[in-house]
Amino acid sequence: MIRFENVVKSYGDTEVIKGINLEISNSELVVFIGPSGCGKTTSLKMINRLIEPTSGTIYINDQDILKMDPIELRRNIGYVIQQIGLFPHMTVGENIELVPLLKNWPKTKRRERAKELLNLVGMPPDEYIDRYPSELSGGQQQRIGVARALATNPDVILMDEPFSALDPITRAQLQDELFNLQQELHKTIVFVTHDMDEALKLGDRICIMKDGQILQFDTPENLLRHPAHGFVEEFIGKKRMWQQPEYVKVEDIMIQNPIKAIPTRTLTQAMEIMSGSGVDSILIVNERNQLLGIATANDIRSKWDTAKRLEEIYTRNVLSVHPDDSIVEVLKLMSQNNIGYVPVVDVSGILKGLITRSSLVKVLGEKYVG
Amino acid sequence: MATINEYLTFMSDRIDQIFTLTGQHIYLTLIAVAIAILIGVPLGILITRVDSISGLVIGIANAVQAIPSLALLGFLIPFLGIGSTPSIVMIFLYSLLPIIKNTYTGLANVDRAMIEAGRGMGMTDAQLMRMVQLPLALPVIMAGIRISAVTAVGLTTLAALIGAGGLGQLIYRGISMVNNKMIISGAIPAMILALLVDFVLSIMERIVTPKGLKK
Ligand SMILES: Nc1ncnc2c1ncn2[C@@H]1O[C@H](COP(=O)(O)OP(=O)(O)OP(=O)(O)O)[C@@H](O)[C@H]1O
Ligand SMILES: [Mg+2]
């Protein structure tokens, strides 16, 4: 766990970090993001003491790092930087073995570890271990950068825009690889980027910074749904949420007041309500507004009898969804079961809304096209 | 005008002397340049660490370089007498500047990101110097040594003026006797020596250039 307490960094009279507090849990991947010069790199480098705070304290696992030996501290923290981080005069193997070497591991153990890590990042050791960085592609170099940071299996890894110099396709690939690696390794990772897509893709939580302050530190979902600050919303991009369908929830797109009726209504009354509102289905609820079922205009017409009541004909056990389900799940449900209507109910079964094919088309059309 | 043959005969008659003087020449140059490396490289490293004195050190080395070589030799005689010691000191002083300067610029131009990567991985200052900065600066340092050594071969001809021997002896004697053959028999071996030093050191430069930095 990493904890910042009132951390300030000044250069001369300028405060570049203005008293930040934050707590990063173990096995969490936290992304620092914000405009250029907002203090992301400064905050990151204070964790391995490449930069010392002017005041305040940083703890790793409740130990004040300012009281630790900086050399020892750094050897126990993985560090990945932008493209040029590999030493050009050392082979891939030597680069990976560097921290183990500094920690006096025996040669055979170092080599073994290097091979293991090359395999982990998908680069066959026999082919790559003796190559020089200049003999690798940008993507391969960054993989080695990641492998090198993992060499002594540190708990904490710092990454400063590690993928920013790569072309979009390679970048996406490395992001996926890092994501998968993290599922396996559960490191505590602090990742700096200026790419919002990357932040949303990788971060368990995202820390949005501006002018040396933290504006919001939250899960991607909460940032998208409840931006705490006009700047955050602007920075993320207003339409961003709609580009991440997994964050769009049922309540964002459902019809709020669907046409409904209690089961004791007659079919005539039901037809009357439906034609009055121009819809072709009606939801059946009890007095407490709990969903019982649905009746469509077709159902009613096919069993037409003026004396009949809705309770004799409506369809029970309909599929329903919750307001905070993602629309991805709803779309899947609707297409798998080939249904055009999904009522929305809360945990106690109370009707909250309705999603229909046409409401989906209407809302999504507005968000993506309009 | 004497024919080439006459020159060759002149030289082959004195081949033993030429070899002896060449040996002395190499000896003086080698000692002076070796001392210049032993002092210049550490000094160059030092001034990258203590930036406040870098201007001063390079300034002094520059000033020394600017003194006419003959005058410098003259200045040294009252302190060191004549013979090989003042000659070696003079050659050494001239060789110092390119070595200090190239060591300094070589180290100062090592990419900041490399240094930060090394430091971030937990290298001590000494490890950083040994494992990152020096290997990356080595080609530039070697180039400085090469310039020094080639210049030193030329300067060593002056040593003959104060009785330290070397190929200069033939040249100066030739000048005073107005004997072109004698001048040539000192100048040609000195020239060959300079070219040879340049060639050998250029190969050394290639050898010390870290493999990953070669194209
Ligand atoms: N050594 C320094 N002396 C003075 N100011 C500095 C120094 N290092 C950084 N700064 C200032 O501190 C601020 C934060 O810098 P930092 O490198 O943390 O920004 P960043 O968020 O990483 O930006 P970027 O996205 O451009 O990398 C900047 O305004 C920068 O100019
Ligand atoms: Mg930065």
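Chain letters run A, B, ... following the sequence lines, proteins first and then strands; every chain starts at 1.
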Taking the side chain as every heavy atom from C-beta outward, state whether [X] and [Y] have any atom pair closer than 4.5 Å.
X	Y	result
I17(A)	S43(A)	yes
N26(A)	D155(A)	no
L70(B)	L161(B)	yes

Report yes or no: is the cationic atom of R143(A) (NZ for Lys, CZ for Arg) under 6.0 Å from the centre of the six-membered ring of Y128(A), at an angle within 45° of the ring normal?
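Negative - R143(A) is either too far from the ring of Y128(A) or too far off its axis.
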Using only non-hydrogen atoms and a strict under-4.5 angstrom cutoff, which residues of residues 83-106 of chain B touch chain A?
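Under the 4.5 Å heavy-atom cut-off, nothing qualifies.
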Under 4.5 Å, heavy atom to heavy atom, which residues of residues 135-160 of chain B contact chain A?
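The list, in residue order, reads P135(B), L136(B).
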Which answer fits [X], side chain, backbone, both or neither, if we ask what part of it has an atom under 4.5 Å from a heavy atom of chain B?
X	result
I51(A)	neither
R49(A)	neither
K45(A)	side chain
L50(A)	side chain

Basic-acidic side-chain contact under 4.0 Å: [X], [Y]:
X	Y	value
R205(A)	E28(A)	yes
D125(B)	R49(B)	no
D130(A)	R111(A)	yes
D160(A)	K40(A)	no
R119(B)	E116(B)	no

Using salt bridge (charged side-chain N to carboxylate O under 4.0 Å, His left out) as the criterion, point out the one residue from K109(A), R110(A), K107(A) that pairs with E97(A).
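Going through K109(A), R110(A), K107(A) one by one, the salt bridge (charged side-chain N to carboxylate O under 4.0 Å, His left out) with E97(A) is satisfied by R110(A) alone.
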Determine whether more than 12 heavy atoms belonging to other residues, nucleotides or ligands lie under 6.0 Å from atom CD of Q63(A).
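At most 12 heavy atoms, drawn from other residues, nucleotides or ligands, come within 6.0 Å of this atom.
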Name the residue from Q133(B), M123(B), M129(B) that meets the side chain to side chain contact (heavy atoms under 4.5 Å, CB included) definition with I115(B).
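Only one of Q133(B), M123(B), M129(B) forms a side chain to side chain contact (heavy atoms under 4.5 Å, CB included) with I115(B), namely Q133(B).
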Quick one: which of I77(A), V80(A), V99(A), T91(A) has the most heavy-atom pairs under 4.5 Å with chain B, could you say?
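If we count pairs closer than 4.5 Å to chain B, V99(A) comes out on top.
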